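Fair warning: this is a prediction, and the values are worked out from it, not measured in the lab. Quick note on labels: first sequence line is chain A, next is B, and so on, each numbered from 1. Basis for what follows: all heavy atoms, side chains included, without hydrogens, waters or symmetry-related copies.
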Protein chains: 2
Amino acid sequence: MILRNQVEWALHCCVALSELPADQYVSTKALAEFHGVPKEYLSKALQALAQAGLVDTTLGPTGGYRLAKRPEDISFLDIVEAVEGPTQTFKCTEIRKNNPCLKKTAKFSPMCSIAKVMNRADEAWKRELRSMNLKILREELTDKLSDDQLQKGTDWLLSRR
Amino acid sequence: MILRNQVEWALHCCVALSELPADQYVSTKALAEFHGVPKEYLSKALQALAQAGLVDTTLGPTGGYRLAKRPEDISFLDIVEAVEGPTQTFKCTEIRKNNPCLKKTAKFSPMCSIAKVMNRADEAWKRELRSMNLKILREELTDKLSDDQLQKGTDWLLSRR
DNA sequence: GATCCCATACTCGGATAGTTGATGTCCGAGTGAGAGGGG
DNA sequence: CCCCTCTCACTCGGACATCAACTATCCGAGTATGGGATC
């Protein structure tokens, strides 16, 4: 029922990338040290983001990651599903069809009523995450943090090349 | 990210119980065979429901489970959380505090902005499940299924004592 | 000074473990209902 | 006919085994950059 921690890391990395100039690459190592997480494992999350087309990557020295789209075009749901895969809390195994007092030829409505309810809840969850993107979050952060704090962060990341 | 299948079983069992006369106990064995799931493992889910006060239980022969409240007072969220425990998809590990270019004395807002967004999504999910209860579902079922189908089901369960 | 080559730093992908949690099974203890025997 | 006891079916709770997924870690292959060597 809980998302893997790579999701948290991916979200924080995307936010960090959205603070940088759009054409700058940042290495996995820099992102890992910045967030205090294991570099090699974080790499898996970033690879998932790259595979989903949310970030660009370049090889070699000065290589690394940068956002592949504008911050307003990357929703939280995009990031979560890139790392976690398709998100669905409920998996219906159709146990209603095991009912021993119904004939095998009995007709069933196309979807189990219980599954329908659970899916509705999942949809509400996704809707909430789709409505939030990196640009909105960035604006919240610039309101909350001092310019100095933000600047120090971006400088630190860019100096680590 | 996925709920355990005990949640599905618990939901179906509660719906079945809500179809029965309120004072009738049904054994684990009957519920397990009715749904085609392992009896001993289903028992764990039912115990969780009993612990949460959603169902009553009696020992001995003719023992079993019955609803402890009126169907309209048992929401889907009650059942899900009884079996699954507190539901939360996102666990914030506060990696924002690992930022190496902030002093240790730096002040942080009480909640990580990213966690706030994720929690909002979780709340939307819970709100949806809180709005659905056993009575509403039961009314949906009586509309959808024939009286004969429902009657057969309750008779089968009651005859298995 | 221009060109070529090589070392370096990085990403990518696969292989490999350890740990946790879900899934499922088994068994003994406790309990209450009903049957059967004795008064 | 009444009461006691015994058996049985059931729940409860813990112990145990299995399996999948998450959480890492490590290493080799491939690639682009930049510096140094060569012409």
Rounded interatomic separation in angstrom, taking [atom1] from [X] and [atom2] from [N]:
| X | N | atom1 | atom2 | value |
| --- | --- | --- | --- | --- |
| B/Q6 | C/dT25 | CD | C1' | 13 Å |
| A/Q51 | C/dG14 | CD | C1' | 14 Å |
| A/R4 | D/dA21 | CZ | P | 10 Å |
| A/Y25 | D/dA32 | OH | P | 11 Å |
| B/I2 | C/dT23 | CD1 | C1' | 14 Å |
| B/L49 | D/dT11 | CG | C1' | 14 Å |
| B/E8 | C/dT23 | CD | P | 11 Å |
| B/E33 | D/dC10 | CD | C1' | 14 Å |

Classify the side-chain pair [X]/[Y] by whether it contains a donor and acceptor separated by less than 3.5 Å.
| X | Y | result |
| --- | --- | --- |
| A/S131 | B/R120 | no |
| B/E81 | B/T87 | yes |
| A/N119 | A/E123 | no |
| A/K135 | A/S18 | no |
| A/S75 | A/N133 | no |

Exercise. Give B/S43 one of three labels, base, sugar-phosphate or nothing, depending on what nucleic acid heavy atoms sit under 4.0 Å from its own.
Key: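 No contact.
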Exercise. Could you check A/G64 against A/M1 and say which one's nearest nucleotide on DNA chain C is further toward the 5' end?
Key: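 Its nearest nucleotide lies further toward 5', so the answer is A/G64.
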Self-check item: Pairs involving residues 28-53 of chain B, ordered by first then second residue, that meet salt bridge (charged side-chain N to carboxylate O under 4.0 Å, His left out) (sequence neighbours left out)
Solution: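 For residues 28-53 of chain B: B/E33-B/R160.
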Quiz item: Just by distance, do the side chain of A/D122 and the backbone of A/T89 share a donor-acceptor pair under 3.5 Å?
Solution: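 Present.
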Quiz item: Under 4.0 Å between a side-chain N or O of A/T57 and OP1 or OP2 of C/dT11?
Solution: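 No, outside the criterion.
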Practice problem: Any chance you could list the contact pattern along nucleotides 32-37 of chain C? Use B for base contacts, S for sugar-phosphate-only contacts and - for none, protein heavy atoms under 4.0 Å, 5' to 3'. | Solution: BB----
Quiz item: Rounded to the nearest 0.5 Å, how far does CD1 of A/I136 lie from OG of B/S113?
Solution: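 It comes to 13.0 Å.
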Self-check item: Single-linkage hydrophobic cluster A/M111~B/L129, side-chain heavy atoms < 4.5 angstrom
Solution: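 Different hydrophobic clusters.
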Could you pull out the protein-nucleic contacts involving nucleotides 24-29 of chain D (nitrogen or oxygen on both sides, under 3.5 Å)?
residue : atom : partner : partner atom : Å
D/dA24  : OP2  : A/N5    : ND2          : 3.2

